[in-house]
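For reference, the structure is listed below as structure tokens.
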Amino acid sequence: GAVVSQHPSWVICKSGTSVKIECRSLDFQATTMFWYRQFPKQSLMLMATSNEGSKATYEQGVEKDKFLINHASLTLSTLTVTSAHPEDSSFYICSGLGPPSYNEQFFGPGTRLTVL
Amino acid sequence: AQTVTQSQPEMSVQEAETVTLSCTYDTSESDYYLFWYKQPPSRQMILVIRQEAYKQQNATENRFSVNFQKAAKSFSLKISDSQLGDAAMYFCASGGSQGNLIFGKGTKLSVKP
């Protein structure tokens, strides 16, 4: 199956700093990438959808100036959490969608962000 | 709006027995897909089984099968011969033609030895 990687897998940062999370599709071209947030014991909440070369579409309630998403290539999308605060601490998961299957998302292993 | 409802926050099954996880959904799309994902403690999302809504035949993957009732908008997952490794969170999801997914709140499955 298709493989998606995320880096880093775990990051700790100080409040007020910015953190970048990378999501890579290793063996397919992800024309669309999704970013999710998951709090402990809860479901995945879609934050934004990005198409390669286009601006991301953010879900209602997600601050686009705080969660910057870049999808510059068919194999790489990045999520930057700007001026992180403790309430941004969460588990962030990305997924990719691309040929030949446009109906099945392939998920990365997730990134645990802890903001002190 | 699309919604996915999992009414069982937790379920338990004895090893080697069969368990069924429930899921209902609502969607305005005519072309949609349904999925069951497993999330073990590692938190990696693993696709268990998928069902194309246009197919009447229920999908099966080894010990995992679904009961897809389109008119009732029901999509339950049956796990046969449960194994200790099946213990995890299970999420039901509905996918539209654009590939977006709506997840249910999940069911935590415990397997007793």
Side-chain angles (χ1 to χ4, degrees), chain A residues 1-6 8-10 21 23 25 28-52 54 56-60 62 71 77 90-113, chain B residues 1-11 21 23-25 27 29-55 59 61 75 87-110:
Chain A
V3 180
V4 174
S5 70
Q6 277 185 248
S9 56
W10 195 1
I21 302 170
C23 176
S25 57
F28 72 103
Q29 294 184 325
T31 53
T32 303
M33 283 188 168
F34 303 87
W35 286 94
Y36 296 87
R37 186 173 181 176
Q38 186 180 31
F39 290 107
K41 298 184 179 181
Q42 293 191 22
S43 187
L44 280 70
M45 182 191 78
L46 180 64
M47 299 175 65
T49 302
S50 71
N51 293 300
E52 185 263 339
S54 302
T57 302
Y58 291 82
E59 295 298 302
Q60 192 172 9
V62 177
H71 191 171
S77 177
S90 190
F91 193 68
Y92 293 87
I93 304 173
C94 73
S95 69
L97 190 69
S101 172
Y102 288 97
N103 305 110
E104 181 178 338
Q105 293 183 24
F106 299 98
F107 288 85
T111 296
R112 182 183 303 279
L113 170 63
Chain B
Q2 296 184 69
T3 60
V4 176
T5 303
Q6 292 180 250
S7 59
Q8 306 154 315
E10 296 187 19
M11 289 285 284
L21 307 184
C23 173
T24 58
Y25 65 94
T27 179
E29 302 213 27
S30 57
D31 181 19
Y32 61 93
Y33 299 77
L34 298 166
F35 304 86
W36 277 99
Y37 284 93
K38 171 185 178 181
Q39 189 180 43
S42 69
R43 304 188 79 170
Q44 170 74 59
M45 295 291 284
I46 301 167
L47 178 65
V48 175
I49 198 165
R50 59 176 282 171
Q51 173 83 43
E52 289 86 347
Y54 64 85
K55 289 186 177 180
E61 287 288 343
F75 183 62
M89 282 292 293
Y90 286 82
F91 293 100
C92 177
S94 169
S97 57
Q98 301 301 313
N100 55 302
L101 289 175
I102 302 295
F103 287 92
K105 291 187 175 182
T107 297
K108 182 178 181 180
L109 178 66
S110 301

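Within every chain, numbering begins at 1; the chains are lettered A, B, ... in the order of the sequence lines, protein sequences first and strands thereafter.
Taking B:E52, B:K108, B:Q39 one by one and counting their heavy-atom pairs under 4.5 Å with chain A, the maximum is reached by B:Q39. With chain B as the partner, the residue from A:Y36, A:F107, A:F34 showing the most heavy-atom pairs under 4.5 Å is A:F107. No other option in B:Q44, B:R43, B:Q6 has as many heavy-atom pairs under 4.5 Å with chain A as B:R43. For chain B, the option among A:G108, A:S95, A:P109 with the highest count of heavy-atom pairs below 4.5 Å is A:P109.
In this structure, OG in A:S90 is found 5.0 Å from CZ in A:R37, a value given to the nearest 0.5 Å.
No donor-acceptor distance shorter than 3.5 angstrom exists from the side chain of A:T32 to the backbone of A:L97, with no hydrogens or angles considered.
With a threshold of 4.5 angstrom between heavy atoms, A:L44 approaches chain B through its backbone and through its side chain. Only the side chain of B:Y33 comes within contact range of chain A, with at least one heavy atom under 4.5 Å from a heavy atom of that chain. For B:R50, the part sitting under 4.5 Å from any heavy atom of chain A is the side chain, from C-beta outward, and nothing else. If you measure heavy-atom distances from A:Q42 to chain B, the contacts under 4.5 Å come from the backbone alone. Proximity to chain A is limited to the side chain of B:F35, based on heavy atoms less than 4.5 angstrom apart.
Nearest heavy-atom pair across B:K105 and B:F91 is O-CE2, 3.6 Å. Across A:S5 and A:C94, no two heavy atoms sit closer than the pair O-SG, 4.5 Å.
Considering only residues two or more places apart in sequence or on other chains, A:E52 meets the side-chain contact (heavy atoms from CB on, under 4.5 Å) condition with A:H71, A:L74.
Side-chain atoms of B:Y54 and B:Y32 form no donor-acceptor pair, as typed in the model, at a separation below 3.5 Å. Checked by atom type, the side-chain pair A:W35/A:S77 shows a donor-acceptor distance below 3.5 Å.
Counting heavy atoms from C-beta on, the side chains of A:F91 and A:F39 never come closer than 4.5 Å. For the pair A:M33/A:S25, a side-chain contact is recorded, criterion being any heavy-atom separation below 4.5 Å from C-beta on.
Using a 4.5 Å cut-off between non-hydrogen atoms, the part of residues 93-102 of chain B that approaches chain A consists of B:G96, B:S97, B:Q98, B:G99, B:N100, B:L101.
Taking the six-membered ring where tryptophan is involved, the planes of B:W36 and B:F75 are essentially parallel, since the angle between them stays under 30° and well short of 60°.
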